[in-house]
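So you know, we letter chains A, B, ... as the sequences are listed, proteins then strands, and number each from 1. Fair warning: this is a prediction, and the values are worked out from it, not measured in the lab.
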Protein chains: 2
Amino acid sequence: MSARPDTREQILDAAETLLQQRGFNAFSYQNISQPLGIRNAAVHYHFPTKGNLGAALIDRYRRRFHAWVAAHRRRGSDPATLLNGYFAIPLNYLRHDNCVCPLGVLEAEFNAIPDDMRVATRALDAEIREFLAGVLRDGREQGQFQFAGLPEAKALVVVAALQGALQIARVAGPTAFRDTLRQLKCDLGMDVRSATAAEGTGPGAHPSRETN
Amino acid sequence: MSARPDTREQILDAAETLLQQRGFNAFSYQNISQPLGIRNAAVHYHFPTKGNLGAALIDRYRRRFHAWVAAHRRRGSDPATLLNGYFAIPLNYLRHDNCVCPLGVLEAEFNAIPDDMRVATRALDAEIREFLAGVLRDGREQGQFQFAGLPEAKALVVVAALQGALQIARVAGPTAFRDTLRQLKCDLGMDVRSATAAEGTGPGAHPSRETN
DNA sequence: ACCTACTTACTTAGTAGTAAGTAGGTTGAT
DNA sequence: ATCAACCTACTTACTACTAAGTAAGTAGGT
């Protein structure tokens, strides 16, 4: 009966889906343990407190993102490829039963999560925006994107809009997100083909469904 | 001891702050009753279930927004004034201890709120985006704004970015929101003065602090 | 003999929600 | 004008449940 010995990772997978579907304060240890066929105390064994679980989850998001960026750097991807690869992350969330961006959830509940989670959240946000600002700067220099203003400010608009659009897609349907993405590309002077569907799972590789 | 007979409205005020500060699933009846010096059951008297409270709160947001739009219509405000007035709403939230957009919170927790709240949330989102798309369309026709694409898509980008930026401001500080707003205006070909500070409280008039 | 990865059984502290009682004001019939 | 009936806006006291977290025990591998 030891088909999946990696209980710890399965717990994180379950927590990830629950976080992006319901929010941190709207799921319990039982929501994790029951589907996995284990006991609440088993979850506590791996993650003594819920805050530890949350912080470990955010750290995993960060490691995945770092690895994804590193892989692209090795491949020497150009700015347009990097940006389309980044767009694939929320597109994956969207396909995954309208999951929202983890950063959005954590920031919305920021005053109701433990301190170690806040620190990790801040770090993830900074890393993503720093990456994106670099991509936008390089892309503009190389003539792949057109926009006015600082790359940091444009990166802010892009991440904020993607994050917000995933949330809006919850009430307005997935086309709301796709329309937002198309407009963002248009505002960057990019080629507006729907595309980027087969861009690979990227760092936002969501556990359930396709991992079966 | 009847300084404030309007308990019902005070409950909604408290719930509003709690929603935008902590999220719907991260506050309890006690968080409302205790500061008001009343009992939990008094809250249940006015709002039998937490879902009723939440739905009533969203309905109040909607009524405030309708009244605000109607007031501007009577005044015959031009698109730029309307848009700057709309921008004043999240700017007020920001000043109010980094409150986030109620729609963002509700959408993030969408799978963890009762059904009547979902219906009301959907309605509020549709009303806001419809209003904004109209403003953007008129403004472009009158030469006040410049942008490519459909007004509906541009409205989506604007509301999504504002919503997301309020959340990001939680972890990155208020300048993150202001930078996002400046970039959005820049992308619309608007005059980029910081301004719009004394735009009045508008429909996002938050209860506590200044109402004292 | 010990470690890892659990389980069973429990505690403590909340949560939303309810039932029944009550103070004070309003209404209506006599 | 007075008294009974009733309504609004609560209170006290409770139920039923769920939450996170802990202590102690155990099976199986090293």
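- Regarding B/I11, its CD1 atom lies at a distance of 7 Å from the P atom of D/dC10, rounded to whole Å.
- By the 4.0 Å N-to-carboxylate-O rule, B/R122 lies too far from B/D125 to be salt-bridged with it.
- Considering only side-chain N and O atoms, A/T7 lies nowhere under 4.0 angstrom from the phosphate OP1 or OP2 of C/dA5.
- The partner of C/dG25, taking Watson-Crick or G-U wobble pairs whose two distances both stay under 3.5 Å, is D/dC6.
- Under the side chain to side chain donor-acceptor pair (under 3.5 Å) criterion, B/R118 pairs with no residue at all, not counting sequence neighbours.
- Between the CD atom of B/Q34 and the P atom of C/dA13 there is a distance of 16 Å, given to the nearest Å.
- More than 12 heavy-atom neighbours from other residues, nucleotides or ligands sit within 6.0 angstrom of CD on B/E9.
- Between B/S28 and C/dT15 there is a side-chain polar atom (N or O) within less than 4.0 angstrom of OP1 or OP2.
- Phosphate contact (OP1/OP2 of D/dG21, side-chain N/O of A/Y29, threshold under 4.0 Å): present.
- Taking atom CD of residue A/E9 and atom P of nucleotide C/dA5, one finds them 13 Å apart after rounding to whole Å.
- When the side-chain nitrogen and oxygen atoms of B/T49 are compared with OP1 and OP2 of C/dA16, none of them lie within a distance under 4.0 Å.
- Across all strands shown, A/F27 has heavy atoms under 4.0 Å from sugar-phosphate atoms exclusively, and none from any base.
- The side chain of B/H46 contributes an N or O atom lying less than 4.0 Å from OP1 or OP2 of D/dC10.
- With rounding to whole Å, A/I113 atom CD1 is found 15 Å from D/dA20 atom P.
- Taking for each of A/A41 and A/Q30 the nucleotide of DNA chain D with the nearest heavy atom, the 5'-most of the two is the partner of A/Q30.
- Per the geometry, CZ belonging to A/F47 stands 16 Å off C1' belonging to D/dG21, to the nearest Å.
- The side chain of B/R39 lies closest to D/dT11 when the candidates are D/dA9, C/dA16, D/dT11.
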Could you check B/D179 against A/V157 for side-chain contact (heavy atoms from CB on, under 4.5 Å), going step by step and ending with a plain yes or no? CA-CA 9 Å; B/D179 289 347; A/V157 166; over 6 Å; no

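- Distance, B/Y45 OH to D/dA9 C1': 5 Å, rounded to whole Å.
- The separation between B/H44 atom NE2 and D/dC10 atom P is 15 Å, rounded to whole Å.
- Remark: D/dT30 base-pairs with C/dA1; criterion is Watson-Crick or G-U wobble with both hydrogen-bond distances under 3.5 Å.
- One can place CZ of B/R8 at 12 Å from P of D/dC10, the figure rounded to the nearest angstrom.
- From A/T180, atom OG1 reaches atom CZ of A/R182 across 10.0 Å, with rounding to the nearest 0.5 Å.
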